[in-house]
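Have a look at the structure below before the remarks.
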Amino acid sequence: MEVEKILSKYPRRKDYLLEILHDIQNHSTKNFIPEEAVQRVAEHLNIKKAQVYGVIGYYSMLSIKPRGRYVIRVCASPICNMMGSCSLLDYLKQKLGVELGETSADGLFTLETSECLGNCAAAPAMMVNQEMYGKLTPEMIDSLLEHYSRQTK
Amino acid sequence: MLKEYRIALRNSGLINPESIDEFIAADGYQALRKALKSEPLGIYEEIYDSGLRGRGGAGFPTGAKEKAAAVICSDCEKYVICNADEGEPGTFKDRIIMETDPHSLIEGLVIAAYSIGAHKGFVYIRGEYELSIQRVQNAIEQAYGRGFLGKNILGSGFDFDLEVRRGAGSYLCGEELTLIESVEGKRGYPRIKPPYPAEKGLWGSPTLINNVETLANFPAIILNGAKWYRSLGTENSPGTKIFTISGDVNKPGFYEFPMGITLRELIYDVAGGIRNGKPFGAALIGGAAGTFASEQHLDVPMGYDKLREVGLTLGSGAVIVMDGTRNLNQTMLSILKFFKHESCGKCIPCRVGTTQLHNTLKDSLAQQSFNNNQVYPELIRQAELIARTSLCPLGQSPILPLKSLWEHILVKQTANK
């Protein structure tokens, strides 16, 4: 199991918890941290499972719910908002047939927002997994969704 | 056109950020060599004398913070942390430094560590900044390879280890004590201050925590001296500042200038003026936790004290420009939504209060009879109460944009109606 490999990379210290959780999530094709992994992390670091869940629940990038292969994070900062991120978010909802937090029927995309992606000079912005995109238009969104759909075929 | 004066961004765009050789060829790690030959006392006094103030937003004298961490004890465990959890809306300067010149921050960090006697450090980078994480990680590995990190750095007998830690999506973790909690592997809940990190920080040990831009200034100050640094900028705000300009301007972006440049110069000379030839409406300075400036502030020199005198804050140096056709109530609503979302919930005034502020404005805006005159004084009353009773800077922030928007802009518009 991938989790064992990740755990062996880090000293058994609680301060590595976030690093471990990031790695587990990034290695999961569904962008989440499964229950078995939470159990293993807790054992490994000698902390309670509740503590691991508490940390996962606090940080918005981490999830215990399976998500799509690609997590789309639309920036919802006041700047991106001003530059039109709301209508882009609506466009994405309609295009993917989902509400915020949901995953598209083909299991590819999960739609989320971020409070600020730090790409303000190129607002409106969004991320797809770890890739950042700015100066978004509906046409760009169309081609990005196509690009990512093609990658998984 | 005004010419930039770059210190923190001196190598940005000029060198390959993945090549330590190009950094070294641009005088990189020379300041560290010089620092390691001096007494630590000389280092933090030089920084103190330079008048450098924390570039993360608070503007606290950097040298004073360093001195506090240096003198608290001599043989105890100490840490240095680079705060690279840049989450303030409108701010992206630290990302640019990390993506284009990561070694300058590492060099600053090692100098800071040597000056206070720390042997272990962390760069805490927000999880969304994937490219920054990769670049800093790569730079750390290269620095180890050349003996700028690790045991017996450059034969000086000084040991220092450095690691990257990733945040995971929490604005609050940019607050120094909350960040420390997060590095320890916990939820990002703030601690009560005092004690300050310089007394009791990471794992209860004295910890020096500085912003990326602050640290990127260290090498230049050590090489050129405090006097040189003081010759730039204004009396109480020496040096340069990176301004990140976004919103309704023709050339949004990042620009470094000596402190004292005016808002008018930044908007019209540097960022190419307002888009589509529209009139200026307002500028939000310092991000969501910042203040609204109006036309009457266009010629105030941008520095910590001058801005404070007119009821503004420099904060992180973000300048978010709104043309005269923007609905500022809608902007305010999205700012309040931001605070509501990012409140961690540890203390009740902030948890309940930020939601209450957002709902009050949202409900008022939905009413036909919406009147600024009735809503804003009430919002300000609530925000002041939240600011007085909250644990950390998050709950203390909504009052800043609310009060400045009302007093600098809306009050006049309402009176003219």
Side-chain angles (χ1 to χ4, degrees), chain A residues 10-23 25-26 33 41 45 47 50-63 71 73 75-83 85-86 112-132 134-135, chain B residues 86-95 122 126-134 163-171 173 182-189 202-203 244-249 251-254 284 287-288 318 320 322 326 330-335 337-338 341-342 344-345 401:
Chain A
Y10 295 101
R12 296 174 85 130
R13 289 205 335 244
K14 195 191 157 191
D15 55 302
Y16 287 102
L17 181 56
L18 273 181
E19 290 294 319
I20 292 169
L21 294 174
H22 265 299
D23 283 1
Q25 180 165 292
N26 291 344
I33 301 157
V41 172
L45 299 178
I47 53 179
Q51 271 178 282
V52 183
Y53 279 122
V55 165
I56 297 172
Y58 178 85
Y59 294 94
S60 64
M61 288 180 81
L62 303 175
S63 174
V71 176
R73 294 188 175 90
C75 184
S77 80
I79 298 104
C80 279
N81 226 306
M82 193 170 94
M83 305 307 273
S85 69
C86 281
E112 295 184 359
T113 56
S114 164
E115 289 311 302
C116 180
L117 294 174
N119 199 12
C120 321
M126 72 178 195
M127 286 180 90
V128 181
N129 285 0
Q130 274 121 336
E131 286 297 317
M132 177 92 80
K135 294 188 180 163
Chain B
E86 179 177 61
E88 186 64 53
T91 310
F92 47 96
K93 64 196 176 67
D94 295 341
R95 175 169 71 80
F122 298 91
R126 65 182 304 210
E128 292 90 339
Y129 279 5
E130 180 62 25
L131 187 58
S132 298
I133 293 167
Q134 285 173 17
E163 271 179 60
V164 168
R165 289 298 168 90
R166 286 174 279 181
S170 159
Y171 169 68
C173 288
S182 187
V183 173
E184 290 180 3
K186 299 182 214 157
R187 302 170 71 119
Y189 281 159
L202 192 60
W203 294 301
T244 49
I245 311 178
S246 57
D248 296 325
V249 288
K251 291 190 293 174
F254 56 92
L284 179 59
I320 303 152
M322 284 146 250
R326 291 284 179 191
Q330 287 301 331
T331 308
M332 195 63 236
L333 188 65
S334 75
I335 291 171
K337 192 173 168 213
F338 174 81
H341 184 271
E342 292 299 333
C344 77

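Residue numbers begin at 1 in each chain, while the letters A, B, ... track the order of the sequences.
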T91(B) versus chain A, the contacting section by heavy-atom distance below 4.5 Å: backbone
Residue F254(B) versus chain A: region with a heavy atom under 4.5 Å: neither
Region of Y171(B) that comes under 4.5 Å of a non-hydrogen atom in chain A: neither
Chain A contact via D248(B) - which portion, at a heavy-atom distance below 4.5 Å: both
Shortest non-hydrogen contact from D15(A) toward W203(B): CG-CZ2, 3.5 Å
Backbone N/O of G118(A) and side chain of R95(B): donor-acceptor pair under 3.5 Å: yes
Chain A contact via V164(B) - which portion, at a heavy-atom distance below 4.5 Å: backbone
From E19(A) atom CD to E163(B) atom CD, the distance as rounded to the nearest 0.5 Å: 8.0 Å
Spacing of S182(B) atom OG and Y58(A) atom OH [to the nearest 0.5 Å]: 8.0 Å
C120(A) to S246(B) - nearest heavy-atom pair and separation: O-CB, 3.5 Å
Choice from G287(B), P252(B), G87(B), G345(B) maximising heavy atom contacts with chain A below 4.5 Å: P252(B)
I335(B) versus P78(A), closest heavy-atom pair with distance: CG1-CG, 3.8 Å
Top contributor to chain A contacts, counting heavy-atom pairs under 4.5 Å, from G167(B), C173(B), G253(B), G247(B): G247(B)
Taking every non-hydrogen atom, the tightest pair across S334(B) and N81(A): CB-ND2, 3.7 Å
Interchain contact, I320(B) with chain A, by part (heavy-atom threshold 4.5 Å): side chain
Shortest non-hydrogen contact from R166(B) toward L18(A): O-CD1, 3.7 Å
Rounded distance [0.5 Å steps], CE in M82(A) versus CZ in R326(B): 4.5 Å
Selection from I20(A), D23(A), L21(A) maximising heavy-atom pairs under 4.5 Å formed with chain B: D23(A)
R165(B) and Y16(A): side chain donor to acceptor below 3.5 Å: yes
From H341(B) atom NE2 to S114(A) atom OG, the distance as rounded to the nearest 0.5 Å: 8.5 Å
Which of Y189(B), Y129(B), F92(B) touches chain A most, by non-hydrogen pairs under 4.5 Å: F92(B)
side-chain contact (heavy atoms from CB on, under 4.5 Å) evaluation trace for K186(B) with K14(A): CA-CA 8 Å; K186(B) 299 182 214 157; K14(A) 195 191 157 191; 3.4 Å; yes
From CD (E128(B)) to CE (M132(A)), nearest 0.5 Å: 8.5 Å
Smallest separation among heavy atoms of R126(B) and C116(A), with atom names: NH2-O, 2.6 Å
Region of E88(B) that comes under 4.5 Å of a non-hydrogen atom in chain A: backbone
